[in-house]
**Q** 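So that we are looking at the same thing, I have put the structure below in structure tokens.
Values below: every heavy atom of this structure, side chains too, minus hydrogens, waters and symmetry copies.
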Amino acid sequence: MTRPVPATDPAAGTAALKTGDAENGSALVEFIFLGLVLLVPVIYLIVTAGQVQGAAFAATGAAESAAKVYVASGDPFIGEQQATMAAELAFTDFGFEPAGLLLDIACSAECLAPGSTVTVLVRFDVPLPLGSGFSGTDFAPVTVDATSTQIVERYG
């Protein structure tokens with residue numbers, strides 16, 4: 001026994017869509033809202049990780065440059081000034097303000113004596129992206145540091 005198939009009325013189907021589909025168009029709003037809520041923090045995290053990585057590269061380059069410049073100079077006072085300038089230049093090249101840079105120079109025995117070693121420690125507080133846009137927010141949760149040691153040549 002077969003049941004008769006009711007004839008479809010195009011007007012009845014359209015009316016059902018109009019009355020029963022209250023969520024029409026809300027998927028786009030939900031997609032945009034969830035996209036913003038989930039995507040913005042992920043992008044901020046990626047930018048922050050890139051900034052920390054850049055600061056780590058800058059610290060490594062600054063420590064190496066400062067140690068080489070200090071060893072090449074003949075005077076400890078002039079060497080310290082030149083090492084500071086070299087370290088600041090390395091951070092400036094990576095787009096950081098060198099104001100938060102800490103440079104520590106240590107010698108093994110007598111500074112710049114032939115055969116002695118010079119160790120340079122560079123420490124830098126990495127600022128948060130968009131953190132400087134708000135007044136009074138100099139929050140830097142990550143500190144990067146690098147060390148480099150150079151040997152003073154025996155025969156200059």
**Q** So how far is it from Asp145 CG to Leu102 CG, rounded to the nearest 0.5 Å?
**A**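 Answer for the CG-CG pair, Asp145 versus Leu102, is 9.5 Å.
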**Q** Would you call the rings of Phe91 and Phe124 parallel, tilted or perpendicular, where under 30° means parallel and over 60° means perpendicular?
**A**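 Plane angle between 30° and 60°, so tilted.
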**Q** For Ile151, look at atom CD1 and say whether over 12 heavy atoms of other residues, nucleotides or ligands are found less than 6.0 Å away.
**A**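 Counting neighbours around CD1 of Ile151, 12 or fewer heavy atoms of other residues, nucleotides or ligands fall under 6.0 Å, so no.
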**Q** Can Thr117 and Gln150 be said to form a side chain to side chain contact (heavy atoms under 4.5 Å, CB included), step by step?
**A** CA-CA 6 Å; Thr117 59; Gln150 293 287 319; over 6 Å; no
**Q** State whether a side-chain donor-acceptor pair under 3.5 Å links Thr149 with Thr119.
**A**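 Thr149 vs Thr119: donor-acceptor pair found between side chains.
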**Q** Quick one: side chain to side chain contact (heavy atoms under 4.5 Å, CB included) partners of Thr92, sequence neighbours excluded?
**A**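 If we apply the side chain to side chain contact (heavy atoms under 4.5 Å, CB included) test to Thr92, skipping adjacent residues, the hits are Pro98.
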**Q** At what distance, to the nearest 0.5 angstrom, does OG of Ser148 lie from CD1 of Ile105?
**A**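 Rounded to the nearest 0.5 Å, the OG-CD1 separation comes to 11.5 Å.
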**Q** Inspect the surroundings of CD in Gln81 and state if more than 12 heavy atoms from other residues, nucleotides or ligands are less than 6.0 Å away.
**A**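 Enclosed: over 12 neighbouring heavy atoms sit under 6.0 Å from CD of Gln81.
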**Q** With a 4.5 Å heavy-atom cut-off, do Val118 and Val152 have their side chains touching?
**A**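 Heavy-atom side-chain distance check passes, below 4.5 Å.
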**Q** Using side-chain heavy atoms (C-beta onward) and a distance below 4.5 Å, is Tyr44 in contact with Leu128?
**A**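 When only atoms from C-beta onward are counted, Leu128 and Tyr44 do touch, with a gap below 4.5 Å.
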**Q** Let me check something: any side-chain donor-acceptor pairs from residues 51-71 under 3.5 Å, sequence neighbours excluded? List them with distances.
**A**
| unit_1 | atom_1 | unit_2 | atom_2 | d |
| --- | --- | --- | --- | --- |
| Gln51 | NE2 | Pro127 | O | 3.4 |
| Thr60 | OG1 | Ala56 | O | 3.0 |
| Ser65 | OG | Gly61 | O | 2.9 |

**Q** Apply side chain to side chain contact (heavy atoms under 4.5 Å, CB included) to Phe31 and list each qualifying residue two or more places apart in sequence or on a separate chain.
**A**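 With neighbours one apart ignored, the set is empty.
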**Q** What I'd like to find out is whether the side chain of Leu112 reaches to under 4.5 Å of the side chain of Cys107, using heavy atoms alone.
**A**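 No, every pair of side-chain atoms sits at 4.5 Å or beyond.
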**Q** So how far is it from Leu103 CG to Leu101 CG, rounded to the nearest 0.5 Å?
**A**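 Those atoms lie 6.0 Å apart.
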**Q** Side-chain heavy atoms nearer than 4.5 Å, only ILVMFWY residues, links allowed to pass through others: does that put Val120 and Leu89 together?
**A**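 Val120 and Leu89: separate clusters.
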